[in-house]
Novice: 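Just dropping this structure here.
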Protein chains: 2
Amino acid sequence: MDGVNRTKSGGPAGANLFAVRSHNTALVLDLLRAAGGEGISRLELAERTGLTPQAVSKITARLREAGLAAEAGRRASTGGKPRTVLRLVPEAGHAVGVHLDRDELRAVLVDLDGAVVGERRGALDLGAGAEAVLGVVAGAVEGLVGEVLEAAGPGLGEVASLLGVGVALPGPLDHARGVLHRVTRFPEWDGFPLRDALAERLGVPVVVDKDTNAAALGLAVGGEGGSFAYLHLGTGLGAGLVIGGSVHRGVRTGAGEFGHQVLQLDGPACECGDRGCVEALCLAAVERGETEEAARVLGVGAGNLVALLDIDLVLLGGRTITAAPEAFVAGVANVLDARARREGALGTPTPVRLAPGGERSVAEGAAQLLLAPLFGRPNT
Amino acid sequence: MDGVNRTKSGGPAGANLFAVRSHNTALVLDLLRAAGGEGISRLELAERTGLTPQAVSKITARLREAGLAAEAGRRASTGGKPRTVLRLVPEAGHAVGVHLDRDELRAVLVDLDGAVVGERRGALDLGAGAEAVLGVVAGAVEGLVGEVLEAAGPGLGEVASLLGVGVALPGPLDHARGVLHRVTRFPEWDGFPLRDALAERLGVPVVVDKDTNAAALGLAVGGEGGSFAYLHLGTGLGAGLVIGGSVHRGVRTGAGEFGHQVLQLDGPACECGDRGCVEALCLAAVERGETEEAARVLGVGAGNLVALLDIDLVLLGGRTITAAPEAFVAGVANVLDARARREGALGTPTPVRLAPGGERSVAEGAAQLLLAPLFGRPNT
DNA sequence: TGCACTTTGGCAACAGCGTTGCGAAAGTAG
DNA sequence: CTACTTTCGCAACGCTGTTGCCAAAGTGCA
């Protein structure tokens, strides 16, 4: 029920037949994507969606006609006609994901399956100003798309299968309008309309989001459970929240400000101006070489979050984590287990795991900003 | 898109025409309810839903035939035929809301508009055991319904307009299964299937929920914004979270455990077994008579929550708050304002207000557990 | 008073969604 | 080879919101 019949006030929208078709098509596409290379049969799709087999047949027929799905062999018979297996056609759609960090740019080209089919890396100076950075980003994207999809020159709008470009970067920003607010330590970016500027330059849709949100989206699409928190501990500490399968951004895209959660009333000063923030406490412990204490502090912060939202899973990532993954996972799990024990009957401890995926995961998640809406996970 | 085509696995469900009708009908009903006594015209409904005027006409015709809506005068003409005003027929449906507290029972009978049309209060001893309490609750409900709706004897299933009974009580519980987990200080309730036991006894649907969630639902239906937190400070400290118009309960109905958020690492012991919980700090300050400090502590906890979820509004309630409302509102607002100032450009401070509604608000919210689904706000 | 115009809202025909009834296709089992 | 099972598409159908059209009910001006 999304993407149609938008009301003027942005309120809840009425549903019509077009909405039904969009909804069900996205549902089927998402199941096809989740099935991956193995594929999935029509009857299985019917069971998982609650639709009748005939409805699934009609929907998949449309998808095949559009080139988004194809038959891929058949399963073993169970005493009758064997089921025909359907799979997504990955090369029917592509998206670019760009990860802008303080000193580095990474761009990936992914197909509908989310598989990376091209990558570029380069140095970057966020302090060089908007125009310069814009040029570097546009160049990287055009180069990447031209190389892999054999697009001729500029004007990426010509490349039919290219859905758009997702850009992920640190710091607060307005996801809905695509405007940067305050890139850490670079005040000259304040208020820059990155989305519109880049979209005009490239001629394709652009979506921007916080790096932690992009990473969380990538994990959600990648199959992680319904509600989880991704905690990223690198040069700073942030979080991406996924509630019920979709990224929670809040009204002003400010959600996920995990690092400046106060954990020690009137504690040591943090660079944000407050005192006793979990980021300050945690990073100070890391600096002192006390990994165990850092993990414990992170665990207490995570415990507060888990108790408040009752989420299913905590995933840890970021450079500082990957430097001592076992210690952090164990330390955080300890705190959560203790909390669960105290709660008695309710006490199934929330599992803690290392976030899968390597250094490219933010860029891949950024690409999902364009792909995910196809599969019924709108960006709102 | 709710209430139909449930999949076996509980996964996302496909949409059919029945789902479309349910969705749109609920949307229209909700707008009629929100319009209150003033009513709303068909064309306004069409604008707000994004549906065509003709679709709204058909939907409202069905509602009028079912007795849920009626015409109520007309607006002034703007140069043509004047608009006919429609309104909800409040007496077409009723629900009972029961608030069980440690030592008191309060039951209200409300109509579709949420207006209280009957009330009962009585002493209660939660420690008297399940059977005894069940009898008191059942008696109160039957008495209340019999008195106001003139139902003859037991068997409330006969009362056509009675949608069911909502029960709100403190302590952790499983909302989905209607089972209590651990009512504070009364271990004998552990695992008691309150919902099913009461539903069988009364012969009408029963829904149970935490008291803070019921209060938050009441506020959400009562017109408070899209995403807010209701913080309740009484004998304990808890929260009800509303995200995007619906109550967030989490998978195990554990969300809203605000009180045992750790705010002071290795701080004073809390009765929960942890150290430095905001509840312990806040209540200790209250006990010392330091209202200002209690408000500041509460504000820091609220600040953590606001930053994490980027919500629109914080509402305060509960006996301790109402004892010094201005001090608490101002104290919490101070902390949130300071945080907003530090964030610079993003800095629109999250408003803090006293939760409207009096001592009956939990009971009224409990009744909304039955009414809200009619208006497209399913209980997850 | 009468006529033109605007606006509301119902009737009827329609397009398109998933559903149902049914039969062809494609296997297994004996 | 026959009987049976299972998959899956065609055709008819019911129901949704949509569109085209017109009656109803006002205002405004001559």
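A note on names: the letters A, B, ... follow the listed sequences, proteins ahead of strands, and every chain is numbered from 1. Because the structure is predicted, anything quoted here is derived from the model rather than measured. Heavy-atom basis, side chains included; hydrogens, waters and symmetry copies ignored.
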Novice: Inspect the contact between A:R75 and A:E38 and indicate whether a charged nitrogen and a carboxylate oxygen are less than 4.0 angstrom apart.
Specialist: no
Novice: How many whole angstroms separate atom CZ of A:R42 from atom P of C:dG18?
Specialist: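 Taking atom P of C:dG18 as the reference, CZ of A:R42 is at 15 Å.
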Novice: When we call it a touch if two heavy atoms are under 4.0 Å apart, what does B:S41 touch: a base, just sugar-phosphate, or nothing?
Specialist: nothing
Novice: What's the closest nucleotide to the side chain of A:P82 if the choices are D:dG9, C:dG27, C:dG18?
Specialist: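 Closest nucleotide to the A:P82 side chain: C:dG27.
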Novice: Would you tabulate the pairs of protein nitrogen or oxygen atoms and nucleotide nitrogen or oxygen atoms of nucleotides 27-30 of chain D closer than 3.5 angstrom?
Specialist:
none

Novice: Which residues within residues 57-76 of chain A lie with some heavy atom under 4.0 Å of an atom in DNA chain C?
Specialist: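 Those residues are A:K58, A:I59, A:R74.
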Novice: Is the backbone N or O of B:A168 less than 3.5 Å from a side-chain atom of B:D209, with the two atoms forming a donor-acceptor pair by type?
Specialist: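 Judged by distance alone, no pair lies under 3.5 Å.
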Novice: Output yes when a side-chain donor or acceptor of A:R249 lies under 3.5 Å from a complementary backbone atom of B:L309, and no otherwise.
Specialist: no
Novice: Heavy atoms only: give me the nearest A:A215-A:Y230 pair and the separation to one decimal.
Specialist: CB-CE2, 3.6 Å
Novice: What is the distance from NE2 of A:H23 to P of D:dG17, rounded to the nearest Å?
Specialist: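 Checked: the NE2 to P distance equals 16 Å.
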Novice: Without swapping roles, check the side chain of A:R195 against the backbone of A:R177 for a donor-acceptor pair under 3.5 Å.
Specialist: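 Checked: pair present.
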Novice: For A:I59 and A:V28, which heavy atoms make the closest approach, and how far apart are they?
Specialist: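 Looks like CG2-CG2, 4.0 Å.
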Novice: With a 3.5 Å distance limit and no angle check, can you tell me whether A:N24 reaches the backbone of B:G14 through a side-chain donor-acceptor pair?
Specialist: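 Not at all, since once roles are kept as given, no pair shorter than 3.5 Å links the two residues.
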Novice: By nearest atom, which of the nucleotides D:dG17, D:dA11, C:dC17 is closest to the B:L51 side chain?
Specialist: D:dG17
Novice: Provide, to the nearest angstrom, the distance between the CZ atom belonging to A:R83 and the C1' atom belonging to D:dG9.
Specialist: 17 Å
Novice: For the backbone of A:E71 and the side chain of A:R64, can you confirm whether one donor and one acceptor N or O come within less than 3.5 Å of each other?
Specialist: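 Side chain of A:R64 to backbone of A:E71: no pair is present.
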Novice: Looking at B:Q54 and D:dC21, is any side-chain donor or acceptor paired with a base atom of the opposite kind under 3.5 Å?
Specialist: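 Not at all, since no donor on one side and acceptor on the other fall under 3.5 Å apart.
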Novice: Does B:T52 place a side-chain N or O at less than 4.0 Å from the phosphate oxygens OP1/OP2 of D:dG17?
Specialist: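 For B:T52, the contact criterion (side-chain N or O under 4.0 Å from OP1 or OP2 of D:dG17) is not met.
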Novice: In whole angstroms, how far is the C1' atom of D:dG17 from the CZ atom of B:F18?
Specialist: 17 Å
Novice: What are the two closest heavy atoms between B:V117 and B:H94, and how far apart are they?
Specialist: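 Answer, listing the atom of B:V117 first, then B:H94: CG2-CD2, 4.2 Å.
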Novice: So, does A:N24 get its side chain near the phosphate of C:dG18, meaning an N or O under 4.0 Å from OP1 or OP2?
Specialist: yes
Novice: Using atom types as modelled and distance alone, determine if a side-chain donor or acceptor of A:D310 lies under 3.5 Å from a backbone N or O of B:T253.
Specialist: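 It does hold such a pair.
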Novice: Pick the closest DNA chain C nucleotide for B:L43 and for A:L17 by heavy atoms, then say which residue is nearer the 5' end.
Specialist: B:L43
Novice: Residues from residues 27-37 of chain B sitting under 4.0 Å of DNA chain D, heavy atoms only?
Specialist: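 Contacting residues: none.
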Novice: Which atom names give the shortest non-hydrogen contact between B:P90 and B:L88, and what distance separates them?
Specialist: CD-O, 3.2 Å
Novice: Please give, in whole Å, the distance from D:dT7 P to A:L45 CG?
Specialist: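 It works out to 13 Å between those atoms.
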Novice: Among D:dT18, C:dG18, C:dG9, which is the nearest nucleotide to the side chain of B:N16?
Specialist: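 For the B:N16 side chain, the nearest candidate turns out to be C:dG18.
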Novice: Strictly distance-based, threshold 3.5 Å: is any side-chain N or O of A:S227 a donor or acceptor partner for the main-chain N or O of A:G244?
Specialist: yes
